[in-house]
Every structure is written in structure tokens, then in C-alpha cells.
Amino acid sequence: MIEEVGTVIDVQMRHEHQFIKIATQVKSTCGSCHAKDNCGTGVIARALANKRDALWLPCEESVAVGQDVKLGIPESMLLSASLLVYMLPLLTMIVVATTSTLLLSSYSIEGEGWVILSSMVAAVVSFLGVKRYISGSTKTQFEPHLLAVLPSLKTRVDCIDVNIIEP
């Protein structure tokens with residue numbers, strides 16, 4: 001289970017269920033090596049370092065704005081989503097390029113441009129199919145789940161007795 005801690009930034013009731021908006025900080029491990037000043041990846045990581053993401057999740061427990069929560073997503077779901085988004089369009093493009101090359105050569109047609117065009121169209125169609133599949137009914141399986149509401153460690157001071165501070 002890959003876990004992340006986020007902060008509750010909004011709480012709303014929708015159809016008798018509580019939903020919380022959670023903000024998480026985008027983290028990057030890049031930029032910690034000795035080549036961080038000369039590395040292009042380190043420059044990009046520093047530029048995106050303060051980016052925050054937010055998402056709505058249902059919550060049955062009582063939470064307050066500013067309270068921390070622990071989110072989690074199973075590794076198998078993350079691997080499945082990565083394969084769908086990255087590997088399926090790539091494999092589709094390779095299969096269509098190979099098939100179109102064989103078909104064009106069997107008809108004695110020289111057309112490298114047609115192979116490139118057909119494989120790019122197949123990759124775009126594959127991306128759109130994956131997008132439609134993920135946004136469909138199986139959407140919740142690729143979302144993180146609320147694992148725990150962490151206790152608030154922030155203390156609030158209502159008043160300070162000035163006489164205690166003076167010597």
C-alpha cells in the first residue's frame with residue numbers, strides 16, 4: 001500500500017454523506033544529489049516543488065478543516081493504471097505499425113508515411129479508449145482510499161498570563 005498524508009481543506013455534506021477535500025503536497029526526490037544544479041530534471045523538480053493537488057473523498061468519521069488524514073492506494077492498482085495509460089497505447093502503436101507495414105508490402109505499396117500515420121492514429125484512439133475506461137464505472141478502483149484520520153497535534157492557546165512571562 002502506497003500511503004500519503006494530506007490535510008483536510010474543506011468539509012461538505014452531499015446527499016446525507018460527508019465528503020472531505022484533501023490537499024496533498026507533490027513531492028520529488030530529485031534534486032538531492034550532487035548534480036542537482038546542472039541537471040534538467042532537478043530544475044523541473046524545483047519548479048514543481050510547491051504544487052499541491054486536491055481531491056474529494058467520502059468520509060464517515062468526524063473531521064475538521066486543517067486536520068491531517070492518511071490516504072492509500074494499493075500497489076496493484078497503481079501498476080494496473082500505469083500499464084493502461086503507458087503500455088497499452090505503446091503496444092497498440094507497435095502492433096498497428098507492424099500490421100500496416102506487412103499489409104502495405106504485400107500490396108507492393110511503399111508508404112512509410114502511411115505506417116507512421118496509422119500507428120499515431122491507433123495510439124490516439126487507444127489513449128481515448130483508456131481515458132473513457134478510467135472515467136467510466138470503474139473509476140473508484142483507481143482512486144486513493146481514506147485509511148485513517150490522524151489525531152490533531154496542533155494546540156490552541158486561548159490566553160497567555162503575562163505575569164508568568166515577566167521575571
Side-chain angles (χ1 to χ4, degrees), residues 1-96 116-117 119-160:
M1 179 77 65
I2 297 173
E3 298 177 351
E4 178 70 32
V5 174
T7 303
V8 176
I9 58 173
D10 195 7
V11 178
Q12 290 184 1
M13 293 297 291
R14 299 180 193 165
H15 307 288
E16 300 179 7
H17 295 286
Q18 177 178 277
F19 285 84
I20 58 175
K21 187 174 187 179
I22 304 165
T24 58
Q25 185 77 32
V26 174
K27 297 175 186 169
S28 175
T29 57
C30 190
S32 59
C33 69
H34 67 282
K36 66 181 179 184
D37 293 332
N38 300 325
C39 176
T41 306
V43 172
I44 292 172
R46 281 193 304 271
L48 300 175
N50 294 325
K51 185 179 177 193
R52 295 185 70 134
D53 284 333
L55 68 150
W56 287 95
L57 289 177
C59 179
E60 301 296 327
E61 299 180 40
S62 175
V63 294
V65 173
Q67 194 168 2
D68 290 337
V69 294
K70 185 185 289 186
L71 306 171
I73 187 166
E75 288 94 353
S76 61
M77 285 298 119
L78 189 62
L79 184 61
S80 298
S82 298
L83 287 175
L84 276 174
V85 172
Y86 296 112
M87 290 303 292
L88 186 62
L90 183 63
L91 289 176
T92 302
M93 188 170 79
I94 291 170
V95 167
V96 168
I116 294 171
L117 180 66
S119 58
M120 295 302 276
V121 168
V124 169
V125 169
S126 179
F127 272 123
L128 294 175
V130 168
K131 181 180 177 183
R132 184 174 181 172
Y133 174 73
I134 289 177
S135 65
S137 62
T138 60
K139 182 180 178 183
T140 57
Q141 75 185 37
F142 295 112
E143 290 181 348
H145 302 287
L146 183 65
L147 298 178
V149 176
L150 302 176
S152 179
L153 299 176
K154 298 171 186 165
T155 58
R156 182 176 165 199
V157 177
D158 288 332
C159 70
I160 298 173

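All values below come from the heavy atoms of this structure, side chains included, with hydrogens, waters and symmetry mates left out.
- Side chains of Glu61 and Val69 form no contact here, defined as non-hydrogen atoms less than 4.5 Å apart.
- Heavy-atom minimum distance, Met1 versus Leu147: CG-CD1, 4.2 Å.
- The structure places CE of Met87 at 10.5 Å from CG of Leu79, a figure rounded to the nearest 0.5 Å.
- Remark: side-chain polar atoms of Ser126 are not paired, donor with acceptor, to backbone N or O of Ala122 under 3.5 angstrom.
- Judged by distance alone, with hydrogens and angles left aside, the side-chain atoms of Gln67 form a donor-acceptor pair with the main-chain N or O of Leu150 at under 3.5 Å.
- Between Cys59 and Val63, the shortest heavy-atom contact is SG-CG1, 4.0 Å.
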Run the side-chain contact (heavy atoms from CB on, under 4.5 Å) check on Leu55 and Glu143 step by step: do they pass?
CA-CA 10 Å; Leu55 68 150; Glu143 290 181 348; 5.8 Å; no
I would like to know whether Leu88 and Leu83 meet side-chain contact (heavy atoms from CB on, under 4.5 Å); could you show each step before the answer?
CA-CA 6 Å; Leu88 186 62; Leu83 287 175; over 6 Å; no
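- To the nearest 0.5 Å, atom CG of residue Asp68 and atom OG1 of residue Thr7 are 4.5 Å apart.
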Apply side-chain contact (heavy atoms from CB on, under 4.5 Å) to the pair Ile9 and Ile22, showing each step before the final yes or no.
CA-CA 6 Å; Ile9 58 173; Ile22 304 165; over 6 Å; no
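- A donor-acceptor contact shorter than 3.5 Å is absent between the side chain of Gln12 and the backbone of Ile20.
- Side-chain contact between Met120 and Met93 is present, with at least one heavy-atom pair separated by less than 4.5 Å.
- Between Val149 and Lys70 the shortest side-chain heavy-atom distance does not fall below 4.5 Å.
- Between the CD atom in Glu4 and the CD1 atom in Ile73 there is a gap of 12.0 Å [rounded to 0.5 Å].
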What's the verdict on side-chain contact (heavy atoms from CB on, under 4.5 Å) for Val8 and Lys21, showing C-alpha distance, side-chain angles and the deciding distance?
CA-CA 6 Å; Val8 176; Lys21 187 174 187 179; over 6 Å; no
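- The closest donor-acceptor contact from the side chain of Glu3 to the backbone of Leu71 lies at 3.5 Å or more, if one exists at all.
- Contact of the Trp56 side chain with the Asp10 side chain is registered, since non-hydrogen atoms from C-beta on lie closer than 4.5 Å.
- Separating the CG atom in Leu84 from the CZ atom in Phe127 is a distance of 11.5 Å, to the nearest 0.5 Å.
- Atoms CG and CD, from Leu57 and Gln18 in turn, are 11.5 Å apart once rounded to the nearest 0.5 Å.
- Surrounding CZ of Phe19 are more than 12 heavy atoms belonging to other residues, nucleotides or ligands, all under 6.0 Å away.
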